[in-house]
Each structure stands twice: as structure tokens, then as C-alpha cells.
Engineer: 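Here's a structure for you.
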Amino acid sequence: MQLLRKRDREGFMVDAQSLQSDGFAEFDTACRSMDLNGKKSLVATPERSGAGLEVRSRATVPVIVRLALEDLKCFEVVENQFAHWGVTFNNAVAIQPSNPAFLTGSGKTVLMGAPKTGLIEVTFKHPVRTVSGLVTSSRRTVLSACDIDGNPIVQDEMPAPNLAGSNSPIAPCAPLRVKAPNIHRITFYAFDGQLIVDDFIFGF
């Protein structure tokens with residue numbers, strides 16, 4: 001089965017069935033296959049050269065994508081490394097927390113809101129339907145989603161801080177999730193607290 005089908009001037013369209021097969025030779029730098037909660041999913045690795053093909057799916061069955069944060073360098077400013085997946089970041093730095101209060105999830109590398117504390121903004125070139133992340137924060141945290149015009153459409157909230165070793169009723173690495181059609185931008189906001197996000201996942 002041909003992996004790539006030329007779509008139009010905007011780039012390429014990737015067949016979801018091809019992506020979910022074992023034929024990843026042409027996209028070794030763009031994604032890896034994995035099983036996420038029983039669903040066949042993709043892991044998108046960073047692309048720093050700016051020469052990567054744009055990868056996206058127009059399949060009716062949503063494709064779940066997890067960003068390979070562990071492939072980022074510690075203290076790397078995260079902006080366009082996943083732009084080949086139509087995802088750009090604002091006010092995000094990759095870190096490996098030395099403070100044990102900021103417990104990480106599946107890997108050592110996470111995203112931290114910086115230089116402005118407590119804020120990470122993510123923009124999607126093409127609309128997505130679901131976004132989630134594991135959050136550890138020193139303050140109440142809201143994950144909000146907006147449409148292409150900037151109108152709020154859905155949000156999720158962690159009502160209290162959840163640092164490891166604290167007396168919080170919320171465990172570290174708490175999941176925040178939003179689901180709605182036509183999500184174009186999301187924001188993690190911790191009201192000027194310290195914030196880290198692990199296991200950043202989105203779905204078409």
C-alpha cells in the first residue's frame with residue numbers, strides 16, 4: 001500500500017491505515033507506532049531541521065498522537081519541533097525536574113511553562129477533537145480549548161495544587177482532558193503557579 005498520497009499544494013495526506021501498519025520506513029523521523037490504552041496510536045518525534053513533511057490524517061477514525069517529549073533536550077525551548085504535525089507551542093521549555101515535588105509520568109522530560117510561569121499555549125494548524133496531558137502544578141490549573149476564532153469551547157480543571165509530598169487530595173500527574181470538534185488552540189494555565197505537563201496527547 002502506498003504510504004503517501006499527494007493531496008494539494010498544502011502538503012501531503014497520510015492514510016491512517018498505512019500509518020497503523022508496520023510500514024513506517026518513510027516516517028522514522030516523524031513517528032513511531034505504539035499501543036495507547038489498547039488503541040493503535042502514533043508517537044510523533046521532534047523535527048528540528050524544518051525540512052520534515054507535514055503529516056496529518058483525514059481518516060474518519062481519529063488518529064491518536066503522543067508527542068515524544070523524552071526526545072527533547074533538557075532546557076530546550078519548545079516552539080516548532082512538532083510543526084510537521086501541525087502543532088506549535090508558546091511559552092514552553094523542556095525540562096527534567098530536579099525538584100521531587102514535580103513528579104513526572106512515563107518519562108523524565110516534561111514541558112514547563114516559561115519564561116512566564118504557569119502558562120503553556122498550544123496551537124493546532126488543523127483542528128483536533130481531543131487534547132490531554134498529565135499535569136503537576138503548585139496551583140489550581142485549567143486546561144481550556146478555543147476554536148479558530150479564539151472563542152472558548154470547552155475546559156477541564158484541576159481544582160487544587162497536586163505537588164508530590166503535599167497534603168493535596170489530588171495525586172501528582174493528574175490528567176486534564178478536553179474533547180470537542182474544531183479545537184484550534186489550548187492553554188494550560190496555573191494562575192502564576194509552577195506548572196509541568198507530561199504525556200501530551202491529541203486526537204484528530
Engineer: Give a yes or no on whether the backbone of Ala83 and the side-chain of Thr88 come within a donor-acceptor separation of less than 3.5 Å.
Structural biologist: no
Engineer: Is there a path of hydrophobic side-chain contacts, each under 4.5 Å between heavy atoms, that joins Leu134 and Val142?
Structural biologist: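 No, it is not one cluster - the side chains of Leu134 and Val142 are not joined through contacts under 4.5 Å.
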Engineer: Is there a donor in the side chain of Gln96 and an acceptor in the side chain of Thr109, or the other way round, less than 3.5 Å apart?
Structural biologist: yes
Engineer: Determine whether a donor-acceptor pair (N or O, by modelled atom type, separation under 3.5 Å) exists between the side chain of Asp149 and the backbone of Asn151.
Structural biologist: no
Engineer: Does Arg139 pair with Asp192 as a salt bridge, N-O distance under 4.0 Å?
Structural biologist: no
Engineer: Output, in order, the C-alpha distance, side-chain angles, deciding distance and verdict of side-chain contact (heavy atoms from CB on, under 4.5 Å) for Val131 and Phe124.
Structural biologist: CA-CA 11 Å; Val131 184; Phe124 300 94; 3.8 Å; yes
Engineer: Report yes or no: does Gln81 contribute a side-chain atom to a donor-acceptor pair with the main-chain N or O of Glu79 at less than 3.5 Å?
Structural biologist: yes
Engineer: So which heavy atom on Ala180 is nearest to which on Val154, and how close?
Structural biologist: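 Scanning both residues completely, I find the closest heavy atoms to be CB-CG1, 3.9 Å.
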Engineer: Judged by atom type as modelled, is there a donor-acceptor pair below 3.5 Å linking the side chain of Asn91 to the main-chain atoms of Lys116?
Structural biologist: yes
Engineer: Are Phe188 and Ile170 linked, directly or through other ILVMFWY residues, by side chains that come within less than 4.5 angstrom of each other?
Structural biologist: yes
Engineer: When rounded to the nearest 0.5 angstrom, what distance separates CG in Asp147 from CZ in Arg185?
Structural biologist: 9.0 Å
Engineer: If only atom types and distance count, is the side chain of Thr141 paired as donor or acceptor with the main-chain N or O of Met158 below 3.5 Å?
Structural biologist: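 No; judged by distance alone, with no hydrogens or angles, the pair does not exist.
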Engineer: Side chains of Arg140 and Pro161, heavy atoms from C-beta outward: is any pair under 4.5 Å?
Structural biologist: no
Engineer: Can you establish whether the number of heavy atoms outside Phe75 located under 6.0 Å from its atom CZ is more than 12?
Structural biologist: no
Engineer: Please examine the side chains of Cys146 and Ile186, heavy atoms only from C-beta on, and report whether any two atoms are closer than 4.5 Å.
Structural biologist: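 Side chain of Ile186 against side chain of Cys146, heavy atoms only: no contact under 4.5 Å found.
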Engineer: Please report the interatomic distance CD(Glu47) to CG(Asp71), rounded to the nearest 0.5 Å.
Structural biologist: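 Reported value, rounded in 0.5 Å steps: 12.0 Å.
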Engineer: Does a side-chain heavy-atom distance below 4.5 Å link Tyr189 with Ser144?
Structural biologist: no
Engineer: Is there a side-chain contact (heavy atoms from CB on, under 4.5 Å) between Ile201 and Ile64 once you walk through the steps?
Structural biologist: CA-CA 7 Å; Ile201 297 169; Ile64 306 299; 3.5 Å; yes
Engineer: Would Val65 end up clustered with Val128 when hydrophobic side chains under 4.5 Å apart are linked, directly or stepwise?
Structural biologist: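 As far as the 4.5 Å side-chain criterion goes, Val128 and Val65 are connected within one cluster.
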Engineer: Assess whether atom CD1 of Ile153 is packed by more than 12 heavy atoms of other residues, nucleotides or ligands within 6.0 Å.
Structural biologist: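 It does: Ile153 CD1 has more than 12 such atoms within range.
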Engineer: Determine whether the aromatic ring centres of Phe200 and Phe89 lie less than 6.0 Å apart.
Structural biologist: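 Distance test on ring centres: under 6.0 Å, yes.
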Engineer: With a 4.5 Å cut-off on side-chain heavy-atom distances among I, L, V, M, F, W and Y, is there a chain of contacts connecting Leu195 to Val178?
Structural biologist: yes
Engineer: So, Asn162 side chain and Ala171 main chain: donor-acceptor pair closer than 3.5 Å or not?
Structural biologist: yes
Engineer: Mind running side-chain contact (heavy atoms from CB on, under 4.5 Å) on Val110 and Ile95 for me, showing each step along the way?
Structural biologist: CA-CA 6 Å; Val110 297; Ile95 66 163; 3.8 Å; yes
Engineer: State, to 0.1 Å, how close Ala94 and Leu72 come at their nearest heavy-atom pair, and which atoms those are.
Structural biologist: CB-CB, 3.8 Å
Engineer: Can you hop from Val135 to Leu69 via hydrophobic side chains spaced under 4.5 Å?
Structural biologist: yes
Engineer: Output yes when a side-chain donor or acceptor of Asn182 lies under 3.5 Å from a complementary backbone atom of Pro127, and no otherwise.
Structural biologist: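 Pair absent, no side-chain N/O of Asn182 close to backbone of Pro127.
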Engineer: Working note: Val87 + Phe202, criterion side-chain contact (heavy atoms from CB on, under 4.5 Å); need CA distance, chi angles, decisive distance, verdict.
Structural biologist: CA-CA 10 Å; Val87 183; Phe202 62 92; 3.6 Å; yes
Engineer: Just verifying a value: how many Å separate Phe204 CZ and Trp85 CH2, rounded to the nearest 0.5 Å?
Structural biologist: 6.0 Å
Engineer: Can you find a heavy atom in the side chain of Val63 that is under 4.5 Å from one in the side chain of Leu42?
Structural biologist: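 When only atoms from C-beta onward are counted, Leu42 and Val63 do touch, with a gap below 4.5 Å.
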Engineer: Taking the side chain as every heavy atom from C-beta outward, state whether Asp199 and Arg66 have any pair of such atoms under 4.5 Å apart.
Structural biologist: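 SC-SC contact between Asp199 and Arg66 confirmed.
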Engineer: Please give me the minimum heavy-atom distance between Thr130 and Ile183, naming the atom from each residue.
Structural biologist: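 Looking at all heavy atoms of both residues, the shortest contact is N-CD1, 4.4 Å.
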Engineer: Is a donor on one side and an acceptor on the other found under 3.5 Å between the side chain of His84 and the backbone of Thr45?
Structural biologist: yes
Engineer: Restricting to non-hydrogen atoms, name the atom on Asp156 and the atom on Leu176 that form the minimum distance, rounded to 0.1 Å.
Structural biologist: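 Minimum heavy-atom separation between Asp156 and Leu176: OD2-CA, 3.5 Å.
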Engineer: If you take all heavy atoms of Ile196 and Met112, which pair is closest and at what distance?
Structural biologist: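 Distance-wise, the nearest heavy atoms are CG2-CB, 4.2 Å.
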Engineer: Can you confirm whether Val93 sits close enough to Leu111 that some side-chain heavy atom of one is under 4.5 Å from a side-chain heavy atom of the other?
Structural biologist: no
Engineer: Distance from Asn90 atom CG to Glu121 atom CD, nearest 0.5 Å?
Structural biologist: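 Spacing of CG (Asn90) from CD (Glu121) equals 5.0 Å.
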Engineer: Specify the closest pair of heavy atoms between Ser137 and Ala190, including all atoms of both residues, with the distance to one decimal.
Structural biologist: OG-CB, 3.4 Å
